[in-house]
Enquirer: 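One structure coming up, written as structure tokens, with questions to follow.
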Amino acid sequence: MVEQNQMDSFVAWAKRRGVIWPSSEIYGGLSNSYDYGPVGVEMKNRLKAAWWNTMVRQRDDIVGIDSPIILNPKVWEASGHTENFTDPLVEDTVTHKRYRQDQLEDPSKSPDGNPVSEPKNFNLMFKTFIGPVEEDQAVAFLRGETCQGIFINFKNILDTSRQKIPFGVAQIGKSFRNEITPGNLTFRTREFEQMEMEFIVREEDADKWFDYWVEQRLQWYVDLGIEKKNLRLVKHPKKALAHYSKATTDIEYQFPWGWGELEGIANRGNYDLTQHQKFSGKEMAVFDEETKEKYIPWVIEPAGGVDRSLLALLVDAWKNFEKGRKGEGEEETVLAVKSGLAAYDAAVLPLIKKEPLQKMANTLVKKLRAEGKNVFYDESGSIGRRYRRQDEIGTPICYTVDFESLDGKTKGTVTARDRDTMKQIRIKLGEV
Ligand code: GAP
């Protein structure tokens, strides 16, 4: 786990190992914007796949969709985002730096100790223009949350998926918010990815499903391998609820800089569907077979962030040993992430860059890739350094083809080295 005083080492590691880079770096960067490198993108894709698997593929009662980033601007009028999706912006009266008032320790003073201006409601929606002319009619927004694409497709989903209430609809995708104070690496950025699921229920069942999803979602983070003591649930006080929410509980993680939200589980009531019915003129009510009445259903929403979850996963699994793991060598870093979430399932390393070791190693690479494993092949440099490089990016196992693989009793075997224990055993190639 990254300690507060290790953040610089962690950021340097993330850059050195191709996990997270400052974006647009050759042009001097773009504030609070990051790229995922070759290791980062593999881990991010695996995290999303893990969520999709748990939320959609393993269940009969949830389906997925994929909707665009730019929707009809009326969607955001109906959802209340053009009016209510605001943060309280204040300005330091001396330095003129801007802050979110609700994030200040003292709401009347800036972190520099100067008085701040009266708060203004600052809208977080990113504006853009559709078509070649920047006319008013062509103003559109980059979505501020993925779930609106789900709400406006509610009837399509009912008509095509054979789902009956209660059921859920999931989506993963980019969202955009013109945050006043982004920061802490990928924790708060202006462009980020969300994993959201809207679970459609009857009003009388809403509380039951709310509790169910809070419990399920907390367990998901524990199952990812995040330490339970670094997770907690926080209930929003009534006055801090978003404009659409009747109740919200956040799942928070203890980051090196303090507790921060990973996911919010909200009871959105029937706010969104009612608003879309009103603004679109299209009926969103469903027929209740029991009561023989029409009603607009309620929604329980677990809404998580891909970037924040990945950051928590990295921070939690990152271990730094200043004098090596045995306490008497060079600095070592190990990313002790659960297998299946590491960028690579295994590394295959011929002891030296020569035949027939390379050939045998390549046979093993092909076999593992054919089984769907993501394999890293590395044939140059000292074997100790190659092991350490894999430890640093969390590869759970390294297979080494050495001279013993070629002759005698051990012919046809490779060394399997475990990332966490560093123990090595010999196994037959066919049994890898
Ligand atoms: N549809 C509900 C909704 O969007 P939210 O709590 O505003 O709820 C859900 O966002 C999740 O999206 C958050 O818990 C967080 O993980 C992620 N998220 C929100 N704003 C973010 C930002 N600026 N940067 C990174 N992730 C963000």
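Indexing begins at 1, ligand by ligand and atom by atom, following the structure's order.
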Enquirer: I'd like the contact residues of ligand 1, where contact means a heavy atom below 4.0 Å.
Expert: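 The answer is Glu145, Cys147, Arg177, Glu179, Phe187, Arg188, Thr189, Phe192, Gln194, Glu196, Tyr244, Glu261, Leu262, Glu263, Gly264, Arg268, Glu301, Ala303, Gly304, Gly305, Arg308, counting any residue whose heavy atom sits under 4.0 Å from ligand 1.
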Enquirer: Are Phe85 and His243 near enough that their ring centres are under 6.0 Å apart?
Expert: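 Ring centroids of Phe85 and His243 are no less than 6.0 Å from each other.
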Enquirer: Checking side-chain hydrogen bond (donor to acceptor under 3.5 Å, both in side chains) between Asp345 and each of Arg369, Lys373, Arg46, which is the one that passes?
Expert: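 It is Arg46; the other options fail the test.
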Enquirer: Tell me, please, which residues at least two apart from Tyr212 pass ring-ring contact (aromatic ring centres under 6.0 Å, His included).
Expert: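 With sequence neighbours excluded, Tyr212 shows a ring-ring contact (aromatic ring centres under 6.0 Å, His included) to Trp209, given in chain and number order.
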Enquirer: Not counting sequence neighbours, which residues clear side chain to side chain contact (heavy atoms under 4.5 Å, CB included) with Arg17? List them please.
Expert: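 Only Trp13, Val19, Arg389, Glu392, Ile393 meet the side chain to side chain contact (heavy atoms under 4.5 Å, CB included) criterion with Arg17.
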Enquirer: Give a yes-or-no answer on whether the side chains of Gln148 and Asp272 include a donor-acceptor pair shorter than 3.5 Å.
Expert: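 Side-chain D/A pair, Gln148 to Asp272: present.
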Enquirer: Sequence neighbours left out, what passes side chain to side chain contact (heavy atoms under 4.5 Å, CB included) with Leu231? Give chain and number order.
Expert: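 Partners of Leu231 by the side chain to side chain contact (heavy atoms under 4.5 Å, CB included) criterion, ordered by chain and then number, come out as Leu218, Tyr221, Val222, Ile226, Ile251, Tyr253, Leu262.
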